[in-house]
*Asks:* 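Just dropping this structure here.
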Protein chains: 2
Amino acid sequence: MALAAIRSPIPPVSPGPAIRPRPDLPILASAPDLSGSPSVYGRKQEIFGEGEEADRVYRVVSGAVRSYSVLSDGRRQINAFHLRGDIFGLETRPAHHQSAEAIVETRVMVYPRRQFEAIAQGNAHLACELWSMALRQLEHKQAHVLLLGRRSALERVAAFLAEIERRSGEAGWFALPMTRRDIADYLGLTIETVSRVVTQLEAEGALLRAGARRMRLCRATIRQVLCD
Amino acid sequence: MALAAIRSPIPPVSPGPAIRPRPDLPILASAPDLSGSPSVYGRKQEIFGEGEEADRVYRVVSGAVRSYSVLSDGRRQINAFHLRGDIFGLETRPAHHQSAEAIVETRVMVYPRRQFEAIAQGNAHLACELWSMALRQLEHKQAHVLLLGRRSALERVAAFLAEIERRSGEAGWFALPMTRRDIADYLGLTIETVSRVVTQLEAEGALLRAGARRMRLCRATIRQVLCD
DNA sequence: CGGTGTCTTGAACACAGTCAATCGGAGTGG
DNA sequence: CCACTCCGATTGACTGTGTTCAAGACACCG
């Protein structure tokens with residue numbers, strides 16, 4: 001299977017996105033005076049844990065974050081991957097109801113939640129922006145539910161890879177920051193199944209691989225797998 | 001299995017909740033002047049379809065609504081059941097990205113979306129209420145994702161029944177407004193599996209039944225199935 | 001009553017899970 | 001530069017949970 005790397009043109013090592021968000025830009029357009037402080041988390045470092053006070057809001061500057069819940073017997077469900085530009089950590093309640101960890105070394109901007117909410121209270125425009133942001137996340141979650149409830153393993157992995165490719169911002173070759181375990185825990189599968197399906201997709205010509213974590217999708221074939 | 005109805009005290013036919021929301025009450029506390037118009041939908045009647053213009057917002061006065069997406073090959077995923085008091089139909093985009101149908105005869109209040117948004121634009125308090133409503137729905141969706149991704153059929157059905165019991169507002173005997181197909185399409189299972197699991201839960205003493213749609217949970221046993 | 005839609009039950013099957021061995025690549029130290 | 005280790009990924013053989021297909025039971029309604 002390592003042949004894929006030989007058959008395909010040499011994949012460029014990620015040059016980083018051409019445009020990366022300036023860390024000093026405001027988190028939301030309608031709150032220019034809301035400023036955060038930069039922070040860095042190492043691989044596998046917890047950013048916040050379930051039950052902890054939710055007093056900070058985060059925006060990813062570079063790297064990747066997973067937010068997840070765990071059942072008492074250890075089963076883990078990853079709710080979302082947060083990539084460059086994504087905002088996470090917002091809650092209704094005083095405490096976090098899920099945990100968040102850096103997947104790789106990750107730079108974030110941190111904003112105080114109280115300030116956030118105080119400004120929103122008096123700024124309808126900001127509050128509307130927050131509202132519509134939450135609604136967009138809700139739509140995304142619904143797609144996630146559809147994926148878990150009514151899609152086969154093949155379809156789940158194909159949809160996942162297509163989404164990550166799109167969000168990575170780079171057409172062509174892209175890198176998966178997360179492990180097979182992360183993917184499995186996001187898609188409600190096991191690592192073995194994820195691995196088998198990726199191999200199958202490669203065999204069907206839906207993707208090319210360079211190692212386990214770099215790949216290039218054949219969009220037409222992927223779309224064919226997904227149907228709609 | 002019909003013995004359950006004999007073994008247990010005769011279940012009262014639903015007397016309806018003691019307190020039902022007055023249809024003329026404002027949809028949200030911070031928008032007292034936002035008034036809607038009442039409307040009634042019959043069993044299986046579509047309230048809105050995927051792709052239609054999302055220009056109305058709804059609140060359930062009585063009855064039950066399912067909102068769902070369908071794949072091109074007919075697989076259906078129910079995203080949510082809306083019961084008395086619930087608000088649904090809010091969207092970020094101009095068009096609905098899912099469909100909604102009345103499950104039984106359902107009375108709703110209908111509010112114009114434009115008016116809704118216009119008021120929110122100038123009323124930070126309302127906008128914040130909408131924001132926090134969306135965040136609460138987001139939390140609920142995350143629980144749904146955990147259910148579909150990492151829970152067994154037994155756990156899914158138990159959690160589902162517990163939630164409906166809670167939301168029905170009546171402790172003790174309660175009615176399921178939805179069919180086995182609806183439950184299956186919400187939980188990512190088949191009707192046969194739902195049926196078998198309900199039978200199993202009954203055999204384990206986790207619930208009593210009066211016909212297929214009325215039951216009474218033994219909370220301790222249900223909690224035991226769920227662990228956390 | 002008969003008819004229809006819904007629910008239940010059974011038997012066979014399939015997809016994804018489990019258990020276990022092996023592979024591969026990155027990092028480390030001799 | 002190579003050997004060694006560690007962790008993640010892959011692959012294989014087998015198992016099991018939930019699906020599929022099919023038959024029947026039940027309940028509601030004319």
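These values consider heavy atoms only, across backbone and side chains, with no hydrogens, waters or symmetry-generated copies. For clarity, every value in this text was computed on a predicted model and none was experimentally measured.
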*Asks:* Give a yes/no answer on whether the side chain of A/T190 brings an N or O atom under 4.0 Å of OP1 or OP2 in C/dA16.
*Replies:* no

*Asks:* Quick one: which of C/dA20, C/dT6, D/dC21 gets closest to the side chain of B/E192?
*Replies:*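 Taking heavy atoms from C-beta onward, the closest nucleotide is D/dC21.
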
*Asks:* For B/R93, does the CZ atom sit with more than 12 other heavy atoms under 6.0 Å from it, leaving out its own atoms?
*Replies:* no

*Asks:* Nearest whole angstrom, please: distance from the P of D/dG8 to the CE of A/M178.
*Replies:* 15 Å

*Asks:* Between A/E165 and A/R219, is the closest basic N to carboxylate O distance under 4.0 Å?
*Replies:*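 A/E165 and A/R219: salt-bridged.
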
*Asks:* Counting only heavy atoms and a strict 4.0 angstrom limit, can you tell me which residues of residues 146-154 of chain B come near DNA chain C?
*Replies:* none

*Asks:* Establish, with yes or no, whether the OP1 or OP2 oxygen of D/dG8 is under 4.0 angstrom from a side-chain nitrogen or oxygen of A/R181.
*Replies:*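 False: A/R181 side-chain N/O out of range (4.0 Å or more) of D/dG8 OP1/OP2.
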
*Asks:* Rounding to 10 degrees, work out the angle separating the end axes of the helix from C/dC1-D/dG30 to C/dG30-D/dC1 (five pairs an end).
*Replies:* 30°

*Asks:* Could you tell me whether the phosphate oxygens of D/dG8, OP1 or OP2, come under 4.0 Å of any side-chain nitrogen or oxygen in A/T179?
*Replies:* no

*Asks:* Report yes if at least one side-chain N or O of A/R196 is closer than 4.0 Å to OP1 or OP2 of C/dA16; otherwise report no.
*Replies:*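 So the side-chain polar atoms of A/R196 never come under 4.0 Å of the phosphate oxygens OP1 or OP2 of C/dA16.
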
*Asks:* Any cation-pi pair here, A/R76 with A/Y68, using under 6.0 Å and within 45°?
*Replies:*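 Relative to the ring axis of A/Y68, which defines the angle, A/R76 lies inside both limits.
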
*Asks:* I need the CD-C1' distance between A/Q200 and C/dA16, as an integer number of Å.
*Replies:*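 Atom CD in A/Q200 sits about 12 Å away from atom C1' in C/dA16.
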
*Asks:* Mind calculating the distance between CZ (A/R75) and P (C/dT18) to the nearest angstrom?
*Replies:* 10 Å

*Asks:* Side chain of A/L189: nearest nucleotide among C/dA20, C/dA16, D/dG8?
*Replies:* C/dA16

*Asks:* Under 4.0 Å between a side-chain N or O of A/S195 and OP1 or OP2 of D/dT11?
*Replies:* no

*Asks:* Going by an N to O cut-off under 4.0 Å, is there a salt bridge joining A/E91 and A/R113?
*Replies:* no

*Asks:* Could you tell me how far apart A/I183 (CD1) and D/dT10 (C1') are, to the nearest whole angstrom?
*Replies:* 14 Å

*Asks:* Is the side chain of A/K141 donor-acceptor paired with the backbone N or O of A/N79 at a distance under 3.5 Å, no angle test?
*Replies:* yes

*Asks:* Rounded to the Å, how far apart are B/M215 CE and C/dC7 P?
*Replies:* 10 Å

*Asks:* Any ion pair linking B/D228 and B/R151 (charged N to carboxylate O, less than 4.0 Å)?
*Replies:*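 Between B/D228 and B/R151 there is a salt bridge, with a charged N closer than 4.0 Å to a carboxylate O.
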
*Asks:* Between D/dG8, C/dT18, C/dT8, which one does the side chain of B/R180 approach most closely?
*Replies:* C/dT8

*Asks:* Could you tell me how far apart B/R214 (CZ) and D/dA27 (C1') are, to the nearest whole angstrom?
*Replies:*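 One finds 15 Å between C1' of D/dA27 and CZ of B/R214, rounded.
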
*Asks:* Do other residues, nucleotides or ligands put more than 12 heavy atoms under 6.0 Å from A/E105 CD?
*Replies:* no

*Asks:* For B/T199 and C/dT8, is the shortest distance between a side-chain N/O and OP1 or OP2 below 4.0 Å?
*Replies:*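 Negative; the distance criterion is not met.
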
*Asks:* For the pair made of CG in B/L187 and P in D/dT17, what is the distance, rounded to whole Å?
*Replies:* 18 Å

*Asks:* Taking atom types as modelled, is there a side-chain donor on A/H97 or B/Q142 under 3.5 Å from an acceptor on the other?
*Replies:* yes

*Asks:* Students often get this wrong, so: under 4.0 angstrom with heavy atoms, is A/R213 touching a base, only sugar-phosphate, or nothing?
*Replies:*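 Touches sugar-phosphate only.
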
*Asks:* Which residues pass the side chain to side chain donor-acceptor pair (under 3.5 Å) test with B/R136, not counting sequence neighbours?
*Replies:* B/S132

*Asks:* Strictly below 4.0 Å: does B/K44 bring a side-chain N or O up to OP1 or OP2 of C/dT6?
*Replies:*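 Checking B/K44 against C/dT6: at least one side-chain N or O falls below 4.0 Å of OP1 or OP2.
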
*Asks:* Starting at CZ of B/R209 and ending at P of C/dC7, how long is that distance when rounded to a whole Å?
*Replies:*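 B/R209 atom CZ is separated from C/dC7 atom P by 11 Å.
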
*Asks:* Using 4.0 Å as the upper bound for N to carboxylate O, is an ion pair formed by A/D185 and B/R150?
*Replies:*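 A salt bridge links B/R150 with A/D185.
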
